[in-house]
Amino acid sequence: MSRHPSVTVRAAAKVNLELVVGPRDETTGYHELATVFQAVSLYDDVTLVPADSYSLTVTGRGAADVPTDERNLAWRAAARVAQLDSGGGPVGISITKDIPVAGGMAGGSADAAAALVGADALWGTRLDRSTLHGLAADLGADVPFCVLGGTAVGTGRGDELVPAMARGVYHWVFALSDQGLSTPAVFAELDRLRAERGETVAAPQVSQDLMAALLAGDAPAVGRAMRNDLQEAALSLQPGLAETLDIGRECGALGGIVSGSGPTVAFLAESTEQALDVAVALTASGVASDVRRATGPVAGARIVHPGKEQ
Ligand code: C5P
């Protein structure tokens with residue numbers, strides 16, 4: 001039995017400062033990506049307690065839309081650790097959500113990352129970095145970044161990570177939409193739009209302008225370099241997002257893009273004050289179902305309550 005009666009792990013949301021989508025791999029169905037992730041200060045807390053059988057409860061924002069069975073990535077993550085030779089057993093999982101659900105901010109992936117780190121601590125499996133990374137990548141392309149946090153370049157499916165040199169604090173405003181977008185549907189829409197244009201898709205690369213801007217801590221240059229290839233597909237499926245983008249830009253945001261596969265729209269502001277202005281304008285316009293502010297980069301999944309040793 002574990003020495004810890006419970007473990008709580010906090011995991012952050014992510015935004016993609018750049019998301020370049022390459023060709024689709026016909027065997028796996030995944031697209032080759034080059035992306036720059038940043039972890040931002042919207043958090044889910046995941047608590048794991050040893051139990052006779054698996055269970056999962058979800059509270060907080062958007063809880064009603066989150067599956068509470070083995071479809072939940074956090075459940076699968078805990079079960080994967082338990083299946084290891086050195087692993088433990090079933091757990092009761094409780095998730096307190098603050099990351100927008102189905103919003104393109106890796107909420108489900110953050111919960112999976114937290115559950116991996118939590119199960120490892122709970123059972124004392126002491127997973128080495130490459131085993132943890134392998135389990136994370138198996139669960140989903142964004143899960144390894146949610147373990148790592150900070151600012152990082154992702155290649156492959158987005159799961160091959162290299163930490164990026166980034167100076168400064170970035171002020172974010174997120175405009176949420178009450179209709180979710182399914183990630184596979186957005187990738188499929190991009191494929192459809194590209195096929196319609198007869199586009200040849202090149203191998204993806206992150207832009208040197210963005211990397212230089214991050215290194216210099218030059219937020220206006222980061223704003224100018226922000227790019228998301230999935231944006232046109234997200235806009236095609238949810239045309240109303242164009243108005244959201246316009247409102248943020250009119251308020252002087254340094255940059256605005258759809259976050260990941262959307263429908264959340266992310267704006268970079270130059271200061272806390274400007275972030276407040278953008279947030280107020282978005283709220284007043286009524287285009288968004290909710291508006292959230294955050295800063296980045298922040299840490300990846302980390303234990304906030306290790307429990308008391310028994
Ligand atoms: O890995 P994850 O389950 O988060 O991915 C969800 C879906 O997003 C995949 O099934 C795939 O349709 C799409 N995807 C992709 N290429 C990637 C990452 C995700 O096509 N690199």
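Whatever order the structure lists them in is the order used to number ligands and atoms, beginning at 1. Only a predicted model underlies this, so the values are computations on that prediction, with no experimental measurement involved. Position 1 is the first residue of the sequence, and the numbers go up from there.
When only non-hydrogen protein atoms are considered, atom 4 (O) of ligand 1 lies nearest to Ala141 N, 3.9 Å. Looking from atom 7 (C) of ligand 1 to the surrounding protein, the closest heavy atom is Pro184 CG, 3.9 Å. Of the protein's non-hydrogen atoms, Thr183 CG2, 3.2 Å is the one closest to atom 8 (O) of ligand 1. Here the heavy atom of the protein found nearest to atom 18 (C) of ligand 1 is Tyr30 CD2, 3.4 Å. Among protein heavy atoms, atom 20 (O) of ligand 1 sits closest to His31 ND1, 2.7 Å.
Checking Thr264 against Ser259 by side-chain atom types alone, no donor-acceptor pair falls below 3.5 Å.
No more than 12 heavy atoms of other residues, nucleotides or ligands shown are found within 6.0 angstrom of CZ on Arg129.
Distances between N or O atoms of Phe187 and those of ligand 1 include no value under 3.5 Å. The shortest N or O to N or O distance between Arg157 and ligand 1 is under 3.5 Å.
At a 4.0 Å cut-off, at least one heavy atom of Gly29 sits close enough to ligand 1 to count as contact. Proximity of Leu33 to ligand 1 is established by a heavy-atom distance of less than 4.0 Å.
For Tyr54 and Trp75, the ring centers are positioned less than 6.0 Å apart.
The cationic group of Arg292 does not satisfy the cation-pi geometry with Phe174, failing either the under 6.0 Å distance to the six-membered ring centre or the 45° limit from the ring axis.
Thr8 pairs in a side chain to side chain donor-acceptor pair (under 3.5 Å) with only one of the listed residues (Asp45, Thr96, Thr47), which is Thr47.
Under the 3.5 Å distance criterion, the side-chain polar atoms of Asp159 are matched with a main-chain donor or acceptor of Arg157.
Listed by chain and number, the hydrophobic cluster partners of Leu181 are Leu19, Val21, Leu33, Val186, Phe187, Leu190, Leu230, Leu237, where partners are ILVMFWY side chains within reach of under 4.5 Å, directly or through others.
Using a 4.0 Å cut-off to heavy atoms of Gly140, the atoms of ligand 1 that qualify are 1 (O).
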